[in-house]
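Each chain gets a letter, A, B and so on, in the order its sequence line appears, and its residues count up from 1.
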Number of protein chains: 2
Amino acid sequence: MIGMTRSPEQENRIFQALADPSRRAIFEALTQGEAAVNDLKARFQISQPAVSQHLASLREAGLVASRRDGRRIYYRIEPQGMEPLIGWIEHYRAFWTERVDRLEQLLNRMDQ
Amino acid sequence: MIGMTRSPEQENRIFQALADPSRRAIFEALTQGEAAVNDLKARFQISQPAVSQHLASLREAGLVASRRDGRRIYYRIEPQGMEPLIGWIEHYRAFWTERVDRLEQLLNRMDQ
DNA sequence: CAATCATATAAGCACCCACTTATATATAAG
DNA sequence: CTTATATATAAGTGGGTGCTTATATGATTG
């Protein structure tokens with residue numbers, strides 16, 4: 001994990017940003033390529049300020065980035081943004097592995 | 001992915017459950033082994049009902065399970081509970097192939 | 001320049017949520 | 001049976017959040 005900040009605040013921002021289904025829907029829409037605010041506004045039944053606010057939340061969480069082209073601002077997914085989330089999940093890897101190993105041992109003993 | 005529910009409601013419950021830092025802290029505490037409500041109440045500076053409510057939220061999200069022993073109720077992590085979250089991340093494998101592949105291996109072991 | 005388009009920010013509001021205290025339920029102990 | 005312990009549930013409350021409309025900022029166009 002190179003260049004990993006691992007700050008609880010950033011972790012919190014990510015979890016909070018993804019907690020809202022509208023935000024997850026916007027995030028998912030961006031997987032098909034970058035999109036301007038009005039593109040997303042058209043795709044979802046929501047006001048323009050709401051879209052901008054969701055995007056601001058995602059950007060502060062490091063999940064998306066923006067690029068201005070004329071008067072449009074295109075948003076795209078920031079690939080590294082999910083790293084803290086993946087790191088958080090992997091943090092429980094040892095726990096899961098232990099559980100699985102113990103379960104395997106138990107099953108082996110029952111087979112004998 | 002065997003026995004995968006993949007319901008948006010469950011997905012939402014998981015994201016919402018993990019959005020709260022207190023709940024994540026409780027979840028993390030359970031990785032060190034099962035614990036009763038009072039154990040967690042002692043570990044964190046929080047009232048007993050607050051702990052019970054957090055645990056209820058985690059249980060409804062499928063992230064923890066409980067077991068009664070006398071008048072104590074022990075909570076433990078439900079290893080399969082994270083599956084929908086991992087599945088959601090896998091959906092973006094085009095962006096994070098390597099890290100997601102490692103998570104996939106973990107998921108496969110959990111399924112066995 | 002003025003007008004228009006695209007987005008951001010401000011302000012307000014209704015609802016949600018995490019906490020509290022109070023009470024109910026359930027098991028154990030005397 | 002009464003009391004104590006452990007947890008859950010109910011009810012209330014302050015702060016946060018997601019939405020709206022209104023306005024500001026910024027870039028293009030005529």
Side-chain angles (χ1 to χ4, degrees), chain A residues 8-30 33-78 85, chain B residues 8-30 33-78 85:
Chain A
E9 296 91 20
Q10 186 68 2
E11 204 174 77
N12 210 41
R13 272 189 288 267
I14 292 176
F15 275 109
Q16 248 181 320
L18 295 177
D20 183 69
S22 302
R23 232 132 47 203
R24 289 202 303 277
I26 290 175
F27 185 78
E28 181 139 358
L30 291 179
E34 66 176 7
V37 177
N38 267 348
D39 302 336
L40 297 168
K41 180 203 170 191
R43 214 168 306 188
F44 304 99
Q45 210 69 334
I46 202 176
S47 69
Q48 173 265 313
V51 175
S52 289
Q53 286 160 15
H54 283 313
L55 288 169
S57 173
L58 290 169
R59 185 160 43 77
E60 284 161 18
L63 293 170
V64 305
S66 61
R67 164 183 78 86
R68 178 181 278 276
D69 179 26
R71 38 190 168 182
R72 290 189 184 174
I73 299 184
Y74 287 93
Y75 283 81
R76 63 180 181 279
I77 286 185
E78 184 73 54
L85 177 60
Chain B
E9 296 91 19
Q10 186 68 3
E11 202 174 77
N12 209 41
R13 272 190 286 268
I14 293 177
F15 275 108
Q16 250 180 320
L18 295 177
D20 184 70
S22 302
R23 233 132 46 203
R24 289 201 304 278
I26 289 177
F27 185 78
E28 181 139 359
L30 291 179
E34 66 176 7
V37 177
N38 268 347
D39 302 336
L40 297 167
K41 180 202 170 192
R43 214 168 307 188
F44 304 100
Q45 211 69 333
I46 201 177
S47 71
Q48 173 264 314
V51 176
S52 289
Q53 287 159 14
H54 282 313
L55 288 169
S57 173
L58 290 169
R59 185 161 44 77
E60 284 161 17
L63 293 170
V64 305
S66 62
R67 163 183 78 87
R68 177 180 278 278
D69 179 25
R71 37 190 167 180
R72 289 190 184 175
I73 298 183
Y74 287 92
Y75 284 81
R76 64 182 179 278
I77 286 185
E78 186 74 54
L85 178 59

Revision key, fill the gap. Atom CD of A:Q16 and atom C1' of D:dG15 are separated, to the nearest Å, by 13 Å

**Study point:** Minimum-distance nucleotide (side-chain atoms of A:I46 versus D:dT20, D:dT7, C:dC5)
**Key:** D:dT20

Revision key, fill the gap. One should read off an interatomic distance between B:S66 OG and B:R59 CZ, to the nearest 0.5 angstrom, of 5.0 Å

Review point. Which part of the nucleic acid, if any, lies within contact of A:A36, taking any heavy atom under 4.0 Å across all strands shown: a base, the sugar-phosphate backbone alone, or nothing?
Key: sugar-phosphate

Practice item. Taking only the side-chain heavy atoms of B:R68 (C-beta and beyond), determine which of C:dT27, D:dA27, C:dA8 contains the nearest atom. Key: C:dT27

Check your understanding: If you check every side-chain atom of B:I73, which of D:dG18, C:dA18, D:dA8 has the closest atom?
Key -> D:dA8

Review point. Roughly, in whole Å, what's the span from CZ in A:R71 to P in C:dA3?
Key: 16 Å

Point to revise | A:D39 CG to C:dC5 P, straight-line distance once rounded to whole Å | key: 16 Å

Check your understanding: How close do A:A35 and A:R43 get, heavy atom to heavy atom, and via which atoms?
Key -> CB-NH2, 4.3 Å

**Study point:** B:R72 side-chain proximity, nearest of D:dA6, D:dG16, C:dA18
**Key:** D:dA6

Review point. Can a donor-acceptor pair under 3.5 Å be found between the side-chain atoms of A:Q53 and the base atoms of C:dA8?
Key: no

Practice item. Can you figure out which of D:dT7, D:dT20, C:dT7 approaches the side chain of B:N38 most closely? Key: D:dT7

Exercise for review: Look at all strands and tell whether A:R59 reaches a base, only sugar-phosphate, or nothing, counting heavy atoms closer than 4.0 Å.
Suggested key: nothing

Study note, to complete from the structure: Of all heavy-atom pairs linking B:N12 and A:R24, the shortest is OD1-NH2, 2.8 Å

Practice item. Scan B:Q45 against the nucleic acid and name what it touches under 4.0 Å (heavy atoms): base, sugar-phosphate only, or nothing. Key: nothing

Check your understanding: Which whole-number value in Å describes the distance from A:D20 CG to C:dC16 C1'?
Key -> 12 Å

Exercise for review: Report which part of the nucleic acid A:Y75 touches: base, sugar-phosphate, or nothing (heavy-atom distance under 4.0 Å, all strands).
Suggested key: sugar-phosphate

Check your understanding: Once you round it to whole Å, what is the distance between P of C:dT9 and CG of A:L55?
Key -> 12 Å

Practice item. Taking only the side-chain heavy atoms of B:S52 (C-beta and beyond), determine which of D:dT7, C:dA29, D:dT29 contains the nearest atom. Key: D:dT7

Check your understanding: Is the shortest heavy-atom distance from the side chain of A:Y74 to the side chain of A:R72 under 4.5 Å?
Key -> yes

Review point. When you measure from the side chain of A:A50, which nucleotide among C:dT20, D:dT20, C:dT7 comes out closest?
Key: D:dT20

Study note, to complete from the structure: In this structure, CG of A:L40 is separated from CG of A:L55 (nearest 0.5 Å) by 6.0 Å

Revision key, fill the gap. Under a 3.5 Å limit on both distances, the Watson-Crick or wobble mate of C:dG30 is D:dC1

Point to revise | Nucleotide of D:dT9, C:dC5, D:dT7 approaching B:P49 most closely (side-chain heavy atoms) | key: D:dT9

